[in-house]
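Encoded as C-alpha cells, the structure appears first; notes follow it.
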Protein chains: 2
Amino acid sequence: MTRRITIHDVAQAAGVSVATVSKAINGRDGVAPSTMSHVMRVVDELGYESSLVATSMRRQRTGVIGVLVAEFEPFALQLLQGVSTALQGTEYDVLAYAGSISAGDHRGWERRSLSRLGGTLIDGAIVVTPTSTPPAASVPIVAIDPHEGPEWPSTVSVINTDGARAATEHLISLGHTRIGHLRGRTDLISARQREEGYRSALAAAGLPFDAALVADGGYRTADSTAGAHALLALADPPTAVFAANDLSALEMMRVAGERGLRVPDDLSVIGFDDIPEAASHVPQLSTVRQPLTEMGAAAVRVLLSMLAGGGREDVRMPAELRARRSTAAPSR
Amino acid sequence: MTRRITIHDVAQAAGVSVATVSKAINGRDGVAPSTMSHVMRVVDELGYESSLVATSMRRQRTGVIGVLVAEFEPFALQLLQGVSTALQGTEYDVLAYAGSISAGDHRGWERRSLSRLGGTLIDGAIVVTPTSTPPAASVPIVAIDPHEGPEWPSTVSVINTDGARAATEHLISLGHTRIGHLRGRTDLISARQREEGYRSALAAAGLPFDAALVADGGYRTADSTAGAHALLALADPPTAVFAANDLSALEMMRVAGERGLRVPDDLSVIGFDDIPEAASHVPQLSTVRQPLTEMGAAAVRVLLSMLAGGGREDVRMPAELRARRSTAAPSR
DNA sequence: CTGAAAGCGCTAACAT
DNA sequence: ATGTTAGCGCTTTCAG
C-alpha cells in the first residue's frame with residue numbers, strides 16, 4: 001500500500017512547478033520543448049497518472065460516460081455491453097455504477113447516483129430502467145426503458161405492448177386457452193404495458209380474462225417463486241404462462257419442475273428480454289427479444305448528440321418473438 | 001442542465017455553516033439535535049447528495065469497490081455479476097471501469113486505471129485478466145485470471161491445466177487419437193497451462209505429441225482463422241480439436257463448415273470458458289466451464305478480507321467439463 | 001455546540 | 001516560459 005504518486009511528486013522530481021507539469025501533461029502551450037520532454041520522462045519513470053477524481057473537480061469535462069444501474073443483472077449487463085461497444089473508438093471511457101446495493105432502499109437510486117456522480121466524474125449518463133421521475137440534473141441524460149413515463153430528457157425503450165401481445169399470440173396459436181401471466185412490478189410502466197399486451201391478445205382471440213391467472217413476479221427471481229406456485233396450485237391451472245421477464249420465466253420453470261411438471265410437455269413458458277441465460281437454459285426458453293445491445297448503442301448515439309448540443313430524442317425499438325423449446329402445444 | 005446542489009447551498013438555506021451540515025450528514029457528534037433535524041429537513045427538500053468525487057478527495061474511505069476491466073465483454077460481465085451479487089448487503093457500492101477504450105494502446109490499461117482511480121474513489125480493486133505485472137498500488141487489489149504469473153497481491157484463477165486435461169481426455173475417451181490444439185496467446189500464462197494440460201493428457205494416454213497438430217489461435221476469432229485452416233489442411237488432419245477458448249473453438253467450427261466438414265460427424269471440437277454463446281450455438285459447443293460468477297464472489301471475499309487487514313491469498317477454482325453436441329466418436 | 005480555516009490533487013487565471 | 005494563487009466540494013482539526 002504505497003502512497004499514490006501525485007503531480008507534486010512529479011514536479012519535485014523534475015525540479016519544476018506543479019503548474020508546469022500540469023501544462024506539459026495536458027499539452028497546453030507555454031512550455032519549452034525541452035522542459036516538456038524532461039517532464040514527460042519523469043512522468044514515465046514515476047508511472048504517474050492523474051487522479052480522475054482530482055481532475056474532475058477542476059475540469060468541467062472528464063471524458064467519462066456513466067452507466068447507472070440499480071444492480072448488475074443480465075439485462076443491465078447486456079445493455080452495458082452495447083454501450084461499451086458503441087463507445088469504442090470515441091474519446092470516452094465507460095464507468096458503470098450500481099448505486100442501490102448498499103443503500104437501504106432501492107427507491108430513488110437513480111437520483112442518488114446521478115447527484116453523486118453528475119457534474120463531476122461523468123460528462124453524461126445513461127440510466128438503466130429508472131423507476132422515478134428524473135431529478136434536475138447537471139449533465140445530459142438518456143434513460144433506457146424508464147419506468148415512469150416520458151419525462152426523462154431522452155429515452156430509449158422497446159415497444160412492450162407489441163412484444164407482450166406477440167408472446168401471448170404465440171401461446172394461443174399453439175392451442176393454449178388457459179394462459180397465465182406472471183407479471184412484473186406493477187408500479188412500472190413496462191409491466192403494465194406487458195400486461196396490457198397480454199390482455200389484448202386474449203381479447204383479440206376471444207379468450208376470457210381470468211384474474212386468477214395473473215400472479216405477481218416483480219421481475220425478480222426471488223419475488224417470482226410465490227406467484228409461480230400460486231398459478232400452478234390453482235384448481236384449474238394454466239397450461240401456459242407468459243412471464244413478464246426472463247428471470248421470472250426461468251423461476252417459473254424451476255418451480256414447475258419442483259412440482260413435477262415437465263416443460264413444455266405439461267406447461268409452456270415464455271419470457272421477455274432474451275437474456276443470454278434464456279438460450280442456454282434447458283429447455284431453451286422461448287421469449288421476446290429486446291435488442292439490448294442495439295438499445296445500448298442507440299443510447300450512446302443520443303447521448304453523444306446531446307453532448308454535442310443536440311436536443312432530446314425518444315427512440316423506440318421493436319421487440320421480436322424468439323420461439324424456442326419451452327413452448328409447445330398443450331397435451332390436455 | 002441546472003447547477004449541482006452543493007453542501008454550500010444546504011448550509012445557506014439552513015442558515016448554518018458548511019461544517020455543521022457536514023457533521024449532521026455524517027452523524028458526527030457535536031451537533032444539537034434540533035440543528036440536526038433542521039439540517040436534514042433542508043437536505044431532503046433540496047434533494048442534496050454529497051458528491052462522490054469531493055468526498056473521496058477528503059476522506060480516505062469511499063465505500064466503493066472498483067472492478068477494472070479492459071472492455072465490457074461477456075467474460076468480464078459474468079465476473080462483474082458475481083462481484084456485484086457478492087457485494088449485496090455489504091456496505092460497498094460497485095463501480096466498474098473500462099479504461100482501455102479511449103486509450104490508444106491496450107497495453108497497461110490496468111496500471112492506468114488503477115492509478116487514476118486508486119487511493120481516491122475506490123477503496124479496493126478487482127482487476128480482470130490484467131496482462132502486465134502489477135504496479136505499486138495504493139489500495140488492496142485482487143487479480144482475476146492474471147496473465148503473467150502470481151506477482152499480483154492476491155489472485156483468483158481457474159486451474160487451467162486440469163481443465164485442459166479434462167477436455168483432451170474427453171476427446172480421447174470418445175476414441176480420438178489424432179487430436180489437434182488451437183492454442184491461445186502464447187505470451188499468456190493461461191495459454192501455456194492449457195497447452196500443458198493438452199500434452200499431459202496425450203502423454204497419459206500413450207498418444208504421441210505431434211507439433212504439426214498445434215496451431216495458433218491467439219484466443220481471438222480473427223486470429224484463429226489461419227490456424228484452423230492449417231490444421232484441416234494437413235495431409236493427415238486431426239479428427240478432433242481442443243481450442244484454447246470458446247471464441248477460437250467457434251471459429252474452428254466455422255472454418256470446418258467452410259471446408260465442407262460437419263461437426264461433430266467429421267470433426268469434434270471442444271473449447272474453454274463456457275461463454276453464453278457456447279450453449280446457444282448450433283451445434284452446442286462442448287467446453288470447459290470457468291465458474292465465473294463464483295470467481296467474482298471469491299474475489300470479493302478475498303478483497304474484503306484484505307480490506308479488513310488480512311493477508312494476500314491465491315484462490316484456485318476448478319474448471320468443469322461441459323460435454324455437449326460438438327464432440328462425438330470419430331467416424332474413421 | 002458551532003464556525004473559520006486548512007487542505008485533498010489538480011487546473012486555470014494571473015503574475016513575473 | 002515558468003511560477004504563484006485561487007478554488008472545485010467536501011471533511012476535519014481547532015478556536016470560539
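We name chains A, B, ... by the order of the sequence lines, and we start the count at 1 in each one. Computation of the quantities below employed the complete heavy-atom set of this structure, encompassing side-chain atoms and omitting hydrogens, waters and symmetry-equivalent molecules.
Applying side chain to side chain contact (heavy atoms under 4.5 Å, CB included) to A:Leu121 and the options A:Leu52, A:Thr55, A:Val64 leaves one that passes, A:Leu52.
Annotation: of the two residues near DNA chain C, A:Arg28 and B:Pro33, the 5′-most nearest-nucleotide partner is B:Pro33. Judged by closest nucleotide on DNA chain D, B:Ser50 is the one of B:Ser50 and B:Lys23 placed further toward the 5' end. Ranked by how close their nearest DNA chain C nucleotide is to the 5' end, B:Val31 and A:His8 are led by B:Val31.
Donor-acceptor pairing under 3.5 Å is recorded for the side chains of B:Tyr97 and A:Asp93.
Among D:dT11, D:dG3, D:dT2, the nucleotide with an atom closest to any side-chain atom of A:Ala32 is D:dT2. If you check D:dT12, D:dG3, D:dC10 against the side chain of B:Arg59, the one that comes closest is D:dT12. If you check D:dG9, D:dT13, D:dG3 against the side chain of B:Thr6, the one that comes closest is D:dG9. For B:Ile7, whose side chain is taken as the heavy atoms from C-beta onward, the closest listed nucleotide among D:dT2, D:dT11, D:dG7 is D:dT11.
Within the nucleic acid shown, A:Thr55 comes within 4.0 Å of sugar-phosphate atoms alone, with no base atom in reach, counting heavy atoms only. Residue contacts shown for A:Asn26 are limited to sugar-phosphate atoms, with no base heavy atom under 4.0 Å away. Heavy atoms of A:Val18 sit under 4.0 angstrom from at least one base atom.
When the P atom of D:dC10 is taken as reference, atom CD of B:Glu49 falls 11 Å away, rounded to whole Å. We find that CD1 of B:Ile25 is positioned 14 Å from P of D:dG9, with the value rounded to whole Å. Atom pair B:Arg58:CZ and D:dC8:C1' shows a separation of 14 Å (rounding to whole Å applied). Atom CD in B:Gln12 sits about 13 Å away from atom P in D:dG9, given to the nearest Å. Atom CZ of B:Arg61 and atom P of D:dT12 are 12 Å apart (whole Å). D:dT11 atom P lies 11 Å from atom CG of B:Leu52, rounded to whole Å.
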Checking A:Lys23 against A:Thr35 for the side chain to side chain contact (heavy atoms under 4.5 Å, CB included) test, could you report, in this order, the C-alpha distance in whole Å, the side-chain angles of both residues, the deciding distance, and whether it holds?
CA-CA 11 Å; A:Lys23 284 175 200 154; A:Thr35 312; over 6 Å; no
CA sep, side-chain torsions, deciding dist, call: B:Asp314, B:Arg312, salt bridge (Lys or Arg N to Asp or Glu O under 4.0 Å)
CA-CA 7 Å; B:Asp314 288 295; B:Arg312 52 156 295 146; 2.2 Å; yes
Report the C-alpha distance between B:Leu95 and A:Leu95 in whole Å, list the side-chain angles of each, state the deciding distance to 0.1 Å, and finish with yes or no for side chain to side chain contact (heavy atoms under 4.5 Å, CB included).
CA-CA 7 Å; B:Leu95 153 6; A:Leu95 150 13; 3.3 Å; yes
What do the steps show when you test A:Asp145 against A:Ser157 for side-chain hydrogen bond (donor to acceptor under 3.5 Å, both in side chains), and what is the final call?
CA-CA 4 Å; A:Asp145 199 12; A:Ser157 50; 5.4 Å; no
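Between B:Gly296 and B:Ile144, the shortest heavy-atom distance links the atoms CA-CD1, 4.3 Å.
Taking a heavy-atom distance under 4.0 Å as the criterion, the stretch of DNA chain C touched by chain A extends 5' to 3' from C:dG9 to C:dA12.
Phosphate contact (OP1/OP2 of D:dC8, side-chain N/O of A:Ser56, threshold under 4.0 Å): absent.
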